[in-house]
Amino acid sequence: MFGTLARKIFGSSNDRILKPIQATVDKINALEDKYTALSDDELKAKTLEFKKLREEGQTLDALLPDAFAAVREAARRGLGERHYDVQLMGGIVLHQGKITEMKTGEGKTLVSTLAAYLNALDGKGVHVVTVNDYLAQRDSEWMSKVYHRLGMTVGCIASGIEEQERRAAYACDITYGTNNEFGFDYLRDNMKFEAESMVQRGFNFAVVDEVDSILIDEARTPLIISGPAEDSSELYRAVNEIIPKLSETDYEVDEKAKSVSFTEEGTETIEKLLDEAGLLKGDNLYDVENVAAVHHANQALRAHKLFTRDKDYIVKDNKVVIIDEFTGR
Ligand SMILES: Nc1ncnc2c1ncn2[C@@H]1O[C@H](COP(=O)(O)OP(=O)(O)OP(=O)(O)O)[C@@H](O)[C@H]1O
Ligand SMILES: [Mg+2]
C-alpha cells in the first residue's frame with residue numbers, strides 16, 4: 001500500500017531513470033529544425049565546430065544534444081532513416097557506458113552511430129564491436145553513409161587483412177570489427193618491440209553490439225596467441241611421455257571450466273617423474289630454473305586430459321588447428 005502510494009508520488013525507479021533521459025530527448029528534438037535547415041556542407045562543418053568546442057573544454061555531455069541532432073539529420077539524409085525517440089534514448093544510455101536492451105529489428109545499428117559519433121569527436125578513435133566479420137563489414141559500409149556526411153572516417157578490421165590496412169583502419173575516427181580481431185590485434189601488439197609497428201593506437205570508447213554474446217558466451221574461450229620461443233621440442237617430447245604415467249588421483253579435471261590441475265599427490269608424482277627423466281634442476285620443482293618444466297608439465301596435462309582430436313582440434317597438413325567451439329571453425 002505504502003509502496004503504491006510512494007510510486008504515485010515519486011514515480012517508479014524506471015521513471016526516475018527515464019525522466020532525465022526524456023529531458024535530453026526533448027532538447028534534441030527542439031534542435032531538429034535548426035539542423036534540417038543546414039546545407040550539406042554546413043552539416044559537415046558542424047563536426048569541426050564540435051571538436052573546437054571540445055578542445056575549449058566543453059564536456060561531451062554538454063555537446064550531446066547538438067551532436068545527436070546532427071547525427072539524426074545525417075541519417076535522414078544519408079539513409080532516409082530518422083532516429084526514433086527511443087533510438088535517441090538508447091544512444092544516450094550507450095554514451096553513459098551502460099547496457100541498453102533493444103529487441104531484434106529495433107534498429108540497434110543506427111542507435112550505435114549516436115554514441116560512436118559523439119565519442120569520436122576527440123579524435124582518439126571509437127571501436128564498434130560486432131559478433132562476426134559479415135556484420136562488421138555490413139555495418140561499417142551501411143553506417144558510413146551517416147558518418148561521411150559528418151566528415152568522419154570509417155574503417156573495418158576484417159579477418160585476414162594486412163598490417164598496413166589494419167593500422168589504417170585503426171587510424172579512422174570509427175573502426176568496426178569483431179571482438180576476435182580487436183583482441184588478437186591487442187595481443188599481437190603487445191609482442192612487438194617498437195611502438196611504430198603496433199596497429200592499434202590506444203583505447204578511447206567502444207560500443208559493443210550483441211553484448212551478451214560477446215561478453216558472456218564468447219568470453220569463455222580465451223584468445224590464445226603463440227609466438228616463436230626458444231626451441232624446446234625436446235622438452236615437449238620428454239614431458240609428453242611422462243603424463244601417461246600419472247594415476248587418476250594425481251590430477252583433477254573440471255570439464256566445465258576447461259581446466260585441469262595437479263593434486264597435492266600429483267605434484268609429488270610429477271616432481272619425481274621429471275627428476276627421473278633428468279628434467280629437473282636442483283631438487284625443488286618450484287625453483288625458478290624449473291619454471292619451463294613445470295609449465296610444460298601443466299600444458300601437457302591439459303593436452304592429454306582436456307583436448308580430444310577432431311573435437312577440440314584437428315590435424316591438417318601435419319599441423320594442429322584448434323577448433324573454435326562457437327563457430328565450429
Ligand atoms: N529510425 C529508423 N527509421 C526507419 N528504418 C529504420 C530505423 N531504424 C532502423 N531501421 C530499419 O530497421 C531494420 C533493422 O535494423 P537493425 O538491423 O539495425 O536492427 P537490430 O536491432 O540490430 O536487429 P537484430 O537484433 O536483428 O540485429 C533495418 O532495415 C533498418 O534499416
Ligand atoms: Mg543488429
Side-chain angles (χ1 to χ4, degrees), residues 47-48 50-61 63 67 94-97 112-133 135-137 139-141 143-144 147-148 150-211 214-215 218-232 288 291-292 295 299 319 321-322 324:
T47 298
L48 290 177
F50 298 153
K51 284 187 171 185
K52 194 156 165 287
L53 286 169
R54 186 73 184 122
E55 275 163 27
E56 288 165 9
Q58 182 89 276
T59 63
L60 287 179
D61 289 339
L63 280 173
L94 287 183
H95 169 64
Q96 293 171 344
S112 65
T113 56
L114 298 160
Y117 172 76
L118 177 63
N119 285 278
L121 289 172
D122 285 344
K124 292 181 189 158
V126 167
H127 297 164
V128 182
V129 189
T130 61
V131 278
N132 61 45
D133 276 336
L135 286 177
Q137 197 74 42
D139 291 355
S140 63
E141 279 169 25
M143 293 302 121
S144 63
Y147 299 123
H148 286 167
L150 296 162
M152 288 276 182
T153 54
V154 185
C156 178
I157 308 288
S159 64
I161 63 169
E162 298 297 321
E163 287 227 323
Q164 281 297 340
E165 296 173 84
R166 274 174 200 272
R167 202 169 295 119
Y170 280 117
C172 291
D173 292 307
I174 294 147
T175 310
Y176 283 78
T178 63
N179 51 312
N180 261 314
E181 294 301 320
F182 286 120
F184 275 120
D185 280 336
Y186 175 75
L187 293 177
R188 279 191 292 259
D189 273 359
N190 273 283
M191 293 172 75
K192 294 190 175 147
F193 294 107
E194 282 133 20
E196 301 86 69
S197 50
M198 294 188 171
V199 295
Q200 294 182 334
R201 53 165 175 146
F203 305 102
N204 173 44
F205 187 85
V207 179
V208 184
D209 193 10
E210 318 254 354
V211 71
I214 290 180
L215 294 191
E218 296 236 1
R220 295 192 344 161
T221 326
L223 301 180
I224 305 167
I225 195 161
S226 51
E230 54 186 295
D231 183 33
S232 51
V288 191
V291 167
H295 173 72
Q299 292 302 94
K319 282 185 186 146
V321 184
I322 309 263
D324 187 316

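Everything numeric in this text was worked out from a predicted model, so none of it was measured.
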Could you give the distance from OG1 (Thr59) to CZ (Arg54), rounded to the nearest 0.5 Å? 7.0 Å
Report the C-alpha separation of Lys51 and Gln58 in whole Å, then their side-chain angles, then the decisive distance to 0.1 Å, and conclude whether the side chain to side chain contact (heavy atoms under 4.5 Å, CB included) test is met. CA-CA 9 Å; Lys51 284 187 171 185; Gln58 182 89 276; over 6 Å; no
Value for CD1 (Ile157) from OG (Ser140), rounded to nearest 0.5 Å, stands at 10.0 Å
Check the pair Lys52 / Glu56 against salt bridge (charged side-chain N to carboxylate O under 4.0 Å, His left out), numbers first and verdict last. CA-CA 6 Å; Lys52 194 156 165 287; Glu56 288 165 9; 3.1 Å; yes
Going through the checks in order, is the side chain to side chain contact (heavy atoms under 4.5 Å, CB included) test met by Met143 and Val154? CA-CA 9 Å; Met143 293 302 121; Val154 185; over 6 Å; no
Backbone N or O of Ser197 within a donor-acceptor pair of the Arg167 side chain at under 3.5 Å? yes
Look up atom CG in Asn180 and atom OG in Ser159, then write down how far apart they are to the nearest 0.5 Å. 9.0 Å
If we ignore hydrogens and angles and just use 3.5 Å, is the side chain of Glu165 paired with the main-chain N or O of Glu162 as donor and acceptor? yes
Within the structure provided, determine whether Thr153 and Ile174 are in side-chain contact (heavy-atom separation under 4.5 Å). no
Quick one: does Asn119's side chain get under 4.5 Å of Leu60's, heavy atoms only? yes
If we only count heavy atoms from C-beta on, is the Leu121 to Met152 side-chain gap below 4.5 Å? yes
Using a strict 4.0 Å threshold on nitrogen-to-oxygen distance, state whether Glu163 and Lys192 make a salt bridge. yes
Walk me through it: do Asn204 and Val126 pass the test side chain to side chain contact (heavy atoms under 4.5 Å, CB included)? CA-CA 6 Å; Asn204 173 44; Val126 167; 4.2 Å; yes
Do Leu118 and Leu114 have side-chain heavy atoms sitting under 4.5 Å apart? no
To the nearest 0.5 angstrom, please state how far the CD atom of Gln137 sits from the CG atom of Asp133. 8.0 Å
May I ask you to check whether Tyr117 and Asp173 show a side-chain donor-acceptor distance below 3.5 Å? no
Give, for atom CZ of Phe205 and atom NE2 of His95, the distance between the pair rounded to the nearest 0.5 Å. 7.0 Å
For residues Phe50 and Leu48, determine if any side-chain heavy atom of one lies less than 4.5 Å from a side-chain heavy atom of the other. no
Side chains of Asp209 and Val129 in contact at under 4.5 Å (non-hydrogen atoms): no
Hey, what do you get for CD (Glu181) to OG1 (Thr175), rounding to the nearest 0.5 Å? 12.5 Å
Could you check whether any side-chain N or O of Thr178 sits under 3.5 Å from a backbone N or O of Asn132, counting only pairs where one atom can act as donor and the other as acceptor? no
Under 3.5 Å: donor-acceptor pair, side chain of Asp189, backbone of Gln200: yes
Neighbour count >12 (heavy atoms, 6.0 Å) for atom CZ, Phe184: yes
When every non-hydrogen atom of Gly183 is compared with those of Leu223, the smallest separation belongs to CA-CD1, 3.5 Å
Ring centroid separation His127 to Tyr170 under 6.0 Å: yes
Does the Ser144 side chain pair with the main chain of Tyr147, one donor and one acceptor, at a distance under 3.5 Å? no
Which atom names give the shortest non-hydrogen contact between Val128 and Ala116, and what distance separates them? CG2-CB, 4.4 Å
